Amino acid sequence: MAEWLGRQNLFDDECVESLPDPAFRAEGRHLVSFSTNNYLSIASSPRMVAAARRGLERYGVGNCESRLLGGNLAVYDELERKLAACKSKDAAVLFATGYLTNIGVLSTIPQTSKYARIYGFSGVREYTYAYFCDELNHVSIREGVRMSGAARATYRHLDLNHLEMLLKKSTATTKIIVTDGVFSQDGDIAPLPDLLQLAERYDATLYVDDAHGTGVLGEHGGGIAEHFGVSSERLIYMGTLSKAYGGIGGFIATETSIAKALRLACSAYGFTSTLPPDQAVALCEAIDMVVDEPERRARLWDNQRYFVERMSELSYPLVSTETPIVPILVGHEDAASALAQALAASNIYVDAVRFPAVPLRKARLRVQLNAGHTHGDIDRLVDALRAHEHHLEAMLAAPVRATEDVANP
Ligand code: PMP
């Protein structure tokens with residue numbers, strides 16, 4: 001079994017000795033990661049660590065309660081207020097992880113009218129729900145939508161004509177369009193203003209997973225809506241605290257009524273312990289850092305532009321060049337792994353993303369730029385890629401083996 005799965009980890013001992021900021025240690029070596037979500041390099045910053053330490057000393061290590069049952073510290077409310085403010089929304093609801101946020105919220109939304117009736121809102125009529133999802137949405141979205149039991153339709157990636165056709169056909173009373181803001185494996189950005197227009201036209205809600213946009217896009221790091229300069233009551237934001245904010249957790253930023261309904265009906269909120277209090281204290285600090293240390297975001301985008309410019313010297317196809325996720329399309333799964341291994345030998349770490357995370361034969365090296373990279377780091381990556389460029393044609397043309405000729409999920 002393990003043999004056909006191949007090696008999942010670039011390192012022989014399967015563990016790293018420190019976490020990328022973006023430099024890290026593994027197998028006694030010093031490497032630079034081009035595949036960390038710690039975009040602003042704040043996870044191990046002295047300011048964030050000092051805040052976590054304050055939280056640790058004040059509250060201890062874990063929160064062994066649900067917030068609904070005695071575990072609601074003021075710092076969670078403060079964190080939610082800060083998250084709501086940075087998304088220009090009335091309210092936010094905190095979850096233990098981003099994954100849990102998507103599966104919890106998306107599986108719950110179609111149940112909320114039932115809860116309203118149980119709690120005595122007798123005027124609430126029977127709603128029918130339908131989800132409309134981009135085909136490349138994150139797996140946690142797909143899981144949440146599937147678990148909801150609601151009708152679902154999938155539109156081709158970023159194909160708004162296809163989406164409109166599906167919206168037109170639907171008879172559901174509540175239509176919810178769901179999209180990644182920045183697509184996690186392709187790095188491109190959902191066209192939020194156009195999606196909002198469609199949401200208006202078809203009286204739909206728009207749920208945006210801004211995991212890779214929060215802290216990264218927009219002048220103040222507010223994410224995709226700040227980037228496009230749009231706002232709407234129809235928008236529900238989902239975000240993670242485990243990427244640019246450098247901690248762990250997920251959240252929804254939305255209207256007060258929706259937040260209240262989720263606190264009541266969403267078991268992923270009420271029936272599990274919440275994130276540790278030291279994390280909450282550190283994350284309040286991280287939200288401030290994202291705003292008052294704008295030089296981090298400036299360095300991230302300078303590095304993004306420098307990498308894209310340097311890659312124009314080489315013939316590797318780039319999946320997109322709009323965000324700090326700049327994936328290099330390699331094609332064959334084995335070739336992507338081999339290229340990642342070759343880079344690791346030069347102390348450069350890049351994830352080889354393979355089926356089923358991406359469609360079969362669309363394996364790629366998912367390069368993520370970081371505020372902590374130097375131009376020298378980027379030069380080393382580009383030079384190492386140049387050294388393997390002569391294999392490129394063979395990589396892209398590698399034949400599909402009969403045993404691997406299976407449908408993409
Ligand atoms: N949504 C997207 C688009 C993601 O990329 C991820 C993490 N890879 C998640 C949700 C889940 O976030 P977390 O790791 O905080 O659970």
Side-chain angles (χ1 to χ4, degrees), residues 8 19-20 33-40 42-43 79-80 83 87 92-107 131 133-147 154 157-158 177-190 192 195 206-217 223-225 227 235-253 266 268-269 272-276 279-280 282-283 286-287 290 319-320 322-327 350-354 356-358 364 366-370:
Q8 300 292 297
L19 293 171
S33 174
F34 282 89
S35 287
T36 169
N37 294 318
N38 181 18
Y39 289 110
L40 300 177
I42 65 177
L79 181 53
E80 287 180 340
L83 290 167
K87 296 290 182 193
V93 184
L94 198 56
F95 293 82
T97 70
Y99 193 98
L100 203 59
T101 311
N102 276 336
I103 58 171
V105 174
L106 293 169
S107 65
Y131 281 112
C133 302
D134 189 290
E135 66 181 334
L136 295 190
N137 280 346
H138 191 258
V139 64
S140 53
I141 292 179
R142 297 206 297 267
E143 289 289 293
V145 167
R146 190 179 55 75
M147 285 162 66
T154 304
H157 182 48
L158 300 183
I177 303 166
V178 191
T179 183
D180 278 19
V182 173
F183 285 85
S184 55
Q185 306 304 342
D186 280 36
D188 42 5
I189 307 183
L192 201 64
L195 282 165
L206 179 56
Y207 180 104
V208 183
D209 176 336
D210 209 13
H212 293 273
T214 300
V216 168
L217 295 179
I224 188 166
H227 170 79
L235 269 172
I236 299 178
Y237 294 101
M238 175 271 170
T240 65
L241 305 171
S242 63
K243 304 196 191 303
Y245 287 144
I248 189 157
F251 69 95
I252 289 292
C266 187
Y269 173 79
T272 184
S273 307
T274 196
L275 61 163
Q279 273 286 323
L283 284 161
I287 292 172
V290 163
V319 179
S320 72
E322 292 165 67
T323 72
I325 301 175
V326 184
V350 187
D351 279 331
V353 181
R354 306 160 14 131
V358 291
R364 63 203 58 187
R366 187 175 64 151
V367 174
Q368 287 172 284
L369 282 309
N370 190 283

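Note that this is a predicted model, so its numbers are computed, not measured. In each ligand, atom 1 is the first atom listed, and ligand 1 is the first ligand listed. One is the number of the first residue; the rest follow in order along the sequence.
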**Message:** Taking 4.0 angstrom as the limit and counting only heavy atoms of D180, give me the atoms of ligand 1 inside it, by number and element.
**Reply:** 3 (C)
**Message:** When you compare ligand 1 with G98, is there at least one nitrogen or oxygen pair between them that comes in under 3.5 angstrom?
**Reply:** yes
**Prompt:** Between H212 and Y39, does any side-chain donor sit less than 3.5 Å from a side-chain acceptor?
**Reply:** yes
**Item:** Side-chain donor/acceptor of T179 to backbone N/O of G181, under 3.5 Å
**Value:** no
**Fill in**
The closest protein heavy-atom partner of atom 7 (C) of ligand 1 is K243 NZ, 2.7 Å
**Asked** Is the side chain of T97 donor-acceptor paired with the backbone N or O of I248 at a distance under 3.5 Å, no angle test?
**Response** no
**Asked** Can you check whether H212 has an N/O within less than 3.5 Å of an N/O in ligand 1?
**Response** yes
**Asked** Any idea which protein heavy atom is nearest atom 1 (N) of ligand 1, and the distance to it?
**Response** D209 OD2, 2.6 Å
**Item:** E143: partners by salt bridge (charged side-chain N to carboxylate O under 4.0 Å, His left out), with sequence neighbours left out
**Value:** R146
**Prompt:** Would you say the side chains of D209 and N137 form a donor-acceptor pair under 3.5 Å?
**Reply:** no
**Message:** Looking only at distances, can you tell me whether any N or O atom of S140, backbone or side chain, sits closer than 3.5 Å to an N or O atom of ligand 1?
**Reply:** no
**Item:** Nearest-contact summary for atom 11 (C) of ligand 1 - protein heavy atom, Å
**Value:** Y99 N, 3.5 Å
**Request:** Could you tell me the residue and atom name of the protein heavy atom closest to atom 6 (C) of ligand 1, and the distance to it rounded to 0.1 Å?
**Result:** H138 NE2, 3.3 Å
**Prompt:** With sequence neighbours excluded, what pairs up with R364 under the salt bridge (charged side-chain N to carboxylate O under 4.0 Å, His left out) test?
**Reply:** D186
**Message:** Suppose we measure from atom 14 (O) of ligand 1 to each protein heavy atom; which comes out shortest, and what is that distance?
**Reply:** S242 OG, 3.5 Å
**Message:** Just to confirm my output: which protein heavy-atom neighbour is closest to atom 12 (O) of ligand 1, and how far is it?
**Reply:** T240 CG2, 3.2 Å
**Prompt:** Can a donor-acceptor pair be found between the side chains of H157 and D188 at a distance below 3.5 Å?
**Reply:** yes
